[in-house]
Amino acid sequence: MGLDTFTPEDPIFKKESVLRDTYTPDELLERDRELQEYQNALKPVIKGEDPKNIFLYGQTGVGKTIATEMVLNQLETDQQKYDYLNIQRVEVLCKGLTSSYQVSVKLVNQFREASDKIPTTGYSPDAVLDMLWTHLEEQDATHVLIVLDEIDSIGNDDDILYQLPRANSNGNVPRNQTKLGVIGISNDFTFRDNLSARVKDSLAEEEIHFPPYDANQLQHILRQRSENAFEDNVLDGGVIKLCAAFAGQESGSARQALKLLYKAGDLARSRDQEKVTEEDVREAEPLVQSSKVSDELQALPTQSHLTLYSVLIMHYEDKLPAKSQQIYQRYKIAAEKVGSDIKTDRTIRDRLSQLSLKGFLDVKEKNKGSQGGSYYLYDLDIRADLVKDALKKSSRIGETLD
Ligand code: ADP
Ligand code: MG
């Protein structure tokens with residue numbers, strides 16, 4: 001066998017880009033309540049009044065980013081009818097930014113030409129904020145809506161979420177120049193709870209929860225997408241239903257459901273099949289699952305990688321479920337091995353609960369019996385080989401894994 005000839009012929013996909021994450025569908029299905037709440041929260045803006053700050057939360061893949069895009073596009077169109085309005089928006093994807101400082105720098109740079117951008121080190125936090133206030137004030141806008149997507153990335157370092165909502169009232173950005181509204185979007189349910197009290201009150205004036213989709217909703221979404229993505233009649237009867245069932249059970253994420261359908265189609269095409277079958281979906285499922293695990297793992301900090309690594313080793317030694325203290329002993333060895341700082345057991349306990357929240361670990365509370373009190377037992381909640389592959393790919397402990 002040698003090389004095949006490249007040809008554009010494709011009996012499976014009509015337009016596969018429709019299944020990619022970058023595609024914006026015309027319509028957001030199954031999110032009527034959320035869209036209504038969202039538009040309602042923005043009502044003061046179209047009246048020319050002060051915006052409310054809005055906080056959106058829900059797991060990944062449930063439509064938060066796309067809903068924001070659609071709602072703000074609508075606002076942009078509708079405001080043109082009113083002379084007293086000039087609403088602008090600034091959007092920052094905070095993924096990978098781990099401090100308020102980094103977010104401020106990125107915000108400042110949104111207003112600057114390429115030749116004039118500021119670096120991520122070198123200025124004091126106050127100096128960066130001052131630049132930001134100046135840019136905001138200088139905008140020729142009645143309102144600026146600041147969208148901070150995946151803001152949970154900054155963790156506890158949340159000062160920017162204190163500063164932005166107050167910039168109008170404390171005069172940093174005078175109201176009569178530019179009215180500010182903050183839209184914070186979080187994938188992490190616990191992020192809001194862990195915000196400092198001073199931030200919580202001002203940021204979350206309006207909270208909108210995006211719940212996971214159930215299998216029926218996912219079917220609806222997939223059906224609509226597949227009409228434009230696939231050639232007519234190439235999907236076997238149960239294909240969409242099965243994709244929706246897998247994703248519904250696993251995560252409730254439309255992103256995952258779409259990936260699964262795309263991968264199944266891709267497998268069918270690579271084998272010159274005429275149709276996509278349920279078999280293809282079953283085969284695609286672990287592939288998609290493992291890339292999802294690996295994506296999510298990559299986003300975690302090193303200490304979480306090390307913690308998970310320790311649990312994985314204990315799995316292979318058949319020592320699970322285990323208490324956090326036992327895992328901590330393992331962790332110390334692992335941290336030493338890769339030359340990382342050794343954190344306190346308290347930190348590792350936090351990492352363990354974060355890993356549980358993200359669905360990597362399963363945790364059970366046990367009572368101590370007559371002594372009273374309780375403790376937690378941790379176990380892996382996803383397949384060990386997936387964790388292993390993902391850790392191998394995604395972190396510096398990968399090399400020690402064999
Ligand atoms: P989140 O920001 O919550 O992680 P996104 O808004 O990025 O999720 O949506 C993930 C993917 O799923 C995108 O490709 C999006 O187009 C699609 N999607 C999510 N919800 C819907 C929906 N209700 N209808 C159609 N497509 C959707
Ligand atoms: Mg998003």
Sidechain-backbone polar pair: Asp379 side chain, Leu361 backbone, donor-acceptor under 3.5 Å
no

Atom pair CG (Asp341) and CD (Glu336), whose distance is rounded to the nearest 0.5 Å
12.0 Å

Set out, in order, the CA-CA distance, both residues' side-chain angles and the distance that settles salt bridge (Lys or Arg N to Asp or Glu O under 4.0 Å) for Lys388 and Asp385, then state yes or no.
CA-CA 5 Å; Lys388 186 173 163 189; Asp385 55 329; over 6 Å; no

Any chance CD of Glu274 has more than 12 other-residue heavy atoms, nucleotides or ligands included, within less than 6.0 Å?
no

His209 vs Tyr57 aromatic rings, parallel, tilted or perpendicular, using cut-offs 30° and 60°?
parallel

Around atom NZ of Lys241, are there more than 12 heavy atoms from other residues, nucleotides or ligands closer than 6.0 Å?
no

By side-chain contact (heavy atoms from CB on, under 4.5 Å) - contacts of Ala244 (at least two apart)
Leu218, Gln219, Leu222

Quick test of your reading of the model: are Lys392 and Asp389 salt-bridged, counting only N-O distances below 4.0 Å?
no

So, does Arg166 use its side chain to make a donor-acceptor pair with the main chain of Ser202 at under 3.5 Å?
no

Look at Glu285 together with Lys263 and state whether they make a salt bridge at an N to O cut-off of under 4.0 Å.
no

Locate the shortest heavy-atom distance separating Ile342 from Tyr328; write the atom from each residue and the value.
CG2-OH, 4.1 Å

Report the distance from atom CG of Asp149 to atom OG1 of Thr65, rounding to the nearest 0.5 Å.
3.5 Å

Is there a donor-acceptor pair under 3.5 Å between the side chain of Asp152 and the backbone N or O of Asn187?
yes

Without swapping roles, check the side chain of Lys364 against the backbone of Pro321 for a donor-acceptor pair under 3.5 Å.
no

Rounded to the nearest 0.5 Å, what separates atom NZ in Lys95 from atom OG in Ser153?
9.5 Å

Okay, side chain of Thr178, backbone of Leu136: is any donor-acceptor separation there less than 3.5 Å?
yes

Checking Thr344 against Thr347 for the side chain to side chain donor-acceptor pair (under 3.5 Å) test, could you report, in this order, the C-alpha distance in whole Å, the side-chain angles of both residues, the deciding distance, and whether it holds?
CA-CA 5 Å; Thr344 62; Thr347 306; 3.0 Å; yes

Checking Gln303 against Tyr331: is there a side-chain donor and acceptor pair closer than 3.5 Å?
yes

Are the side chain of Glu227 and the backbone of Gln224 linked by a donor-acceptor contact shorter than 3.5 Å?
no

Determine, stepwise, if the pair Asp21 / Tyr23 fulfils side chain to side chain contact (heavy atoms under 4.5 Å, CB included).
CA-CA 6 Å; Asp21 227 24; Tyr23 176 82; over 6 Å; no

Is the closest side-chain donor-acceptor distance between His143 and Arg89 under 3.5 Å?
no

Validation row: Ile154, Thr98 side chains within 4.5 angstrom (heavy atoms)
no

Quick one: closest heavy-atom pair of Ser324 and Tyr378, and the distance?
CB-CE1, 4.1 Å

Heavy-atom count around Glu231 CD within 6.0 Å, excluding the residue itself: above 12?
yes

So, do Ile54 and Leu42 sit near enough that their side-chain heavy atoms are less than 4.5 Å apart?
yes

Hey, are Gln74 and Gln39 close enough side-chain-wise for a donor-acceptor pair under 3.5 Å?
no

Nearest atoms (heavy-atom pairs only) where Gln59 meets Pro212:
NE2-CG, 4.0 Å

Answer yes or no: does atom CD of Gln329 have more than 12 heavy-atom neighbours from other residues, nucleotides or ligands under 6.0 Å?
yes

Yes or no on side chain to side chain contact (heavy atoms under 4.5 Å, CB included) for Phe111 and Val90, after CA distance, side-chain angles and deciding distance?
CA-CA 9 Å; Phe111 295 98; Val90 198; 3.6 Å; yes

Within a reach of under 6.0 Å around CG of Asp140, are more than 12 heavy atoms found that belong to other residues, nucleotides or ligands?
no

Leu107 side, atom CG; Leu148 side, atom CG - distance, nearest 0.5 Å:
6.0 Å

Atom pair CG (Asn172) and CG (Asp130), whose distance is rounded to the nearest 0.5 Å
7.0 Å

Would the distance check show the side chain of Asp236 and the main-chain N or O of Val239 forming a donor-acceptor pair, the cut-off being under 3.5 Å?
no

Please check if the number of heavy atoms outside Lys179 that lie under 6.0 Å from its NZ is greater than 12.
yes

Tyr38 vs Thr68, side chain to side chain donor-acceptor pair (under 3.5 Å): CA-CA, chis, key distance, verdict:
CA-CA 8 Å; Tyr38 211 154; Thr68 301; 2.9 Å; yes

Quick one: do His305 and Leu391 satisfy side chain to side chain contact (heavy atoms under 4.5 Å, CB included)? Show the steps, please.
CA-CA 7 Å; His305 288 159; Leu391 276 176; 4.2 Å; yes

Do His220 and Glu30 pair up side chain to side chain, a donor and an acceptor below 3.5 Å, judged on atom types alone?
yes

Check for me whether the distance between the ring centres of Tyr101 and Tyr123 falls short of 6.0 Å.
no

Quiz item: cation-pi between Lys64 and Phe210, 6.0 Å / 45°:
no

Would one find more than 12 heavy atoms of other residues, nucleotides or ligands at under 6.0 Å from atom CG of Asn170?
yes

Using only heavy-atom distances, determine whether the side chains of Ser310 and Thr307 contain a donor-acceptor pair under 3.5 Å.
no

Considering residues, nucleotides and ligands other than Arg271, do more than 12 of their heavy atoms fall under 6.0 Å from its CZ?
yes

Side chain of Lys275, backbone of Asn233: donor and acceptor closer than 3.5 Å?
yes

So, the side chain of Asn109 versus the backbone of Ile118: is there a donor-acceptor pair under 3.5 Å, distance only?
yes

Under 4.5 Å between any side-chain heavy atoms of Gln80 and Leu85, yes or no?
no

Non-hydrogen atoms of Ser100 and Asp158 that approach each other most closely
OG-C, 3.3 Å

Which atom pair, heavy atoms only, marks the closest approach of Leu312 to Ala384?
CD1-O, 3.7 Å

Would you check if Glu91 and Leu93 make a side-chain contact, meaning some heavy-atom pair closer than 4.5 Å?
no

Pairing donors with acceptors under 3.5 angstrom, does anything connect the side chains of Asp280 and Gln273?
yes

Apply side chain to side chain contact (heavy atoms under 4.5 Å, CB included) to residues Ser226 and Ile240 and explain how you reach the verdict.
CA-CA 9 Å; Ser226 63; Ile240 285 191; 3.5 Å; yes

Between Glu250 and Gln289, is there a side-chain donor-acceptor contact under 3.5 Å, judged purely by atom types and distance?
yes

Cation-pi geometry met for Arg330 and Tyr309 (6.0 Å, 45°)
no

So, taking the atom named CD1 in Ile183 and the one named CG in Asn53, what distance separates them when rounded to the nearest 0.5 Å?
9.0 Å

Which heavy-atom pair separates Val182 from Pro165 by the least distance, and what is that distance?
CG2-N, 4.2 Å

Exam field: side chain Gln163 to backbone Leu129, donor-acceptor pair closer than 3.5 Å:
no

Using a distance-only test with no angle check, is there a side-chain donor-acceptor pair under 3.5 angstrom linking Gln354 and Asp350?
no

